[in-house]
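What you see below is based on every heavy atom in this structure, not just the backbone, and it leaves out hydrogens, waters and symmetry mates. First the proteins, then the strands, lettered A, B, ... as listed; each starts at 1.
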Amino acid sequence: MSDEHIVSSFDEDMTQLGDLLLEMGHVVTSQLQAATRALRKEDRELAKEVIAGDKELNRLESELNDLAIKILALRQPFATDLRKVVGTLKSAGHFERMGDLSRNMAQRTNTITKAEAETGSIETLIRMSEIVQVMTNSILTAYQRMDEELAEEVRAQDETVDRLHNSLFREMLTYMMEDPRNISGCMHVMFMAKNIERMGDNVADIATEIIYMTTGNWPEESRVKKDKTSRIIVEPDA
Amino acid sequence: MSTDMPANKPIMTARNVDVFYGKKQAIDNVSLDIPENQITALIGPSGCGKSTFLRCFNRMNDTIQICRVKGDIRFAGQDIYDPKVDVVALRSRIGMVFQKANPFPKSIFDNVAYGPRIHSLSDSKEHLEDIVITSLKRAGLYDEVSDRLDEPGTSLSGGQQQRLCIARAIAVDPQIILMDEPCSALDPIATAIIEELMDSMKEKYTIVIVTHSMQQAARVSQQTAFFHLGELVESGDTEAIFTNPEKERTQNYISGRIG
């Protein structure tokens with residue numbers, strides 16, 4: 001496709017739209033990173049920064065929404081441009097959701113740190129967070145380059161996050177069965193893990209959007225969901 | 001989804017059509033089917049040949065001395081360029097509406113009655129009245145003019161004049177209506193009324209429209225054909241053309257990257 005539009009302000013609007021999404025993605029990564037560090041270091045100050053930092057993400061999303069609506073109303077884009085505007089708009093919603101989930105993680109960190117609750121090992125949770133951070137960085141590259149192969153890889157990576165979530169679920173059950181005093185902390189860790197698992201799903205959904213933006217087709221196979229926690233039961237005597 | 005919708009059977013077919021104005025070739029080897037009871041939009045930049053191609057369908061190009069048409073164009077299976085074809089009869093089956101509304105300098109009634117009269121379609125005064133009123137109703141104009149049918153057609157607003165021309169085309173009971181930029185001189189409301197009318201007309205008629213407005217093509221048509229430099233670059237389901245065209249040239253044109 002020719003790169004330059006006859007109306008140069010159209011190109012400017014489209015570039016700005018893409019830049020806003022990339023900025024949202026960078027904020028999301030640093031929010032998740034900070035939320036995870038706050039948990040690991042039991043750093044309530046950092047947790048509070050994450051909670052406050054979510055406002056910036058909401059501001060960026062609302063700016064992006066306004067711009068996308070302006071482009072649709074005033075420019076009436078077609079084909080690749082149309083797919084990019086709609087796909088970017090939907091992706092921004094996913095990033096905004098990821099921001100909410102990071103903020104929620106920070107709130108829980110604040111709670112359990114204050115209460116000095118026992119949580120058992122959080123290594124698996126941290127591993128999950130690191131993978132989602134890598135996925136988010138890759139998805140930003142995929143968006144920048146409109147690279148559907150990279151987007152496809154990111155979609156596949158979400159499986160690992162789901163698997164870790166399953167094993168953390170079992171692990172937390174054992175801590176809780178060992179000593180009921182662990183329950184409060186473990187429940188919070190479990191919810192944080194669920195947050196990260198959802199964030200992985202959000203990144204995978206953005207990957208799907210990128211595949212559509214690039215190719216005009218939705219990926220044929222629906223993504224394999226490996227989150228099995230809805231079916232896990234552990235017997236107390238097992 | 002509309003992509004899964006079986007295309008209606010073609011009522012017109014064009015195969016390997018070339019059109020020349022003197023030595024200059026305006027249409028180069030175009031083949032296209034026009035599905036029955038659907039709206040087909042022809043789009044493309046100025047001078048791409050879309051209007052020239054449209055005018056082949058009812059031999060309007062015959063009126064241009066230096067214009068030559070080659071290839072095979074069939075209406076309901078019949079070769080319309082066969083020397084035995086009665087062109088006047090052909091044009092009553094395949095009507096046309098032009099860019100600028102061009103009512104005759106006659107009353108509203110006589111504008112619509114003109115075609116049925118010269119084709120002797122009515123056997124009585126009552127029958128003729130019936131044809132005129134039905135045509136005005138089908139063109140969505142009757143309610144606005146029912147009390148002033150004897151006033152001149154030119155006294156109507158631009159949008160009403162265009163609907164009068166549509167009524168005049170319908171009055172001779174055509175199967176196909178060719179529209180060459182029918183809304184380009186109209187305001188958005190008058191345009192919306194014509195578009196709504198076209199949508200209801202496709203139940204009974206097949207419509208081929210040439211339009212400069214891609215939004216209009218996207219709104220009203222089921223099939224879109226994109227012309228560029230006299231060639232048919234791509235044709236197909238309108239939704240597919242505007243969301244995911246196959247050809248780069250189509251992509252560039254509809255997204256505003258070539259003029």
Problem - Candidate list A:T80, A:I6, A:D81, test side chain to side chain contact (heavy atoms under 4.5 Å, CB included), partner B:R257, passing option - result: A:D81
Problem - Flag if over 12 foreign heavy atoms under 6.0 Å of CD1, B:I189 - result: no
Handout entry: Atom of A:A79, atom of B:I254 and distance for their closest heavy-atom approach
Key = CB-CD1, 3.6 Å
Exercise for the section: Report, as yes or no, whether the 6.0 Å neighbourhood of atom CD on B:E144 holds more than 12 heavy atoms from other residues, nucleotides or ligands. Expected result: yes
Exercise for the section: Provide the closest heavy-atom pair for A:L82 versus B:T243 in the form atom of the first, atom of the second, distance. Expected result: CD2-CG2, 4.2 Å
Handout entry: More than 12 heavy atoms of other groups within 6.0 Å of B:R15 CZ
Key = yes
Problem - Between OG on residue B:S255 and NZ on residue A:K84, distance to nearest 0.5 Å - result: 12.5 Å
Exercise for the section: Tell me, yes or no, whether the heavy-atom count around B:E196 atom CD, taken from other residues, nucleotides or ligands under 6.0 Å, exceeds 12. Expected result: no
Problem - Reported CZ-to-OG1 distance for the pair A:F78 and B:T250, which is rounded to 0.5 angstrom - result: 13.0 Å
Practice task
Answer yes or no: does atom NZ of B:K70 have more than 12 heavy-atom neighbours from other residues, nucleotides or ligands under 6.0 Å?
Solution key: no
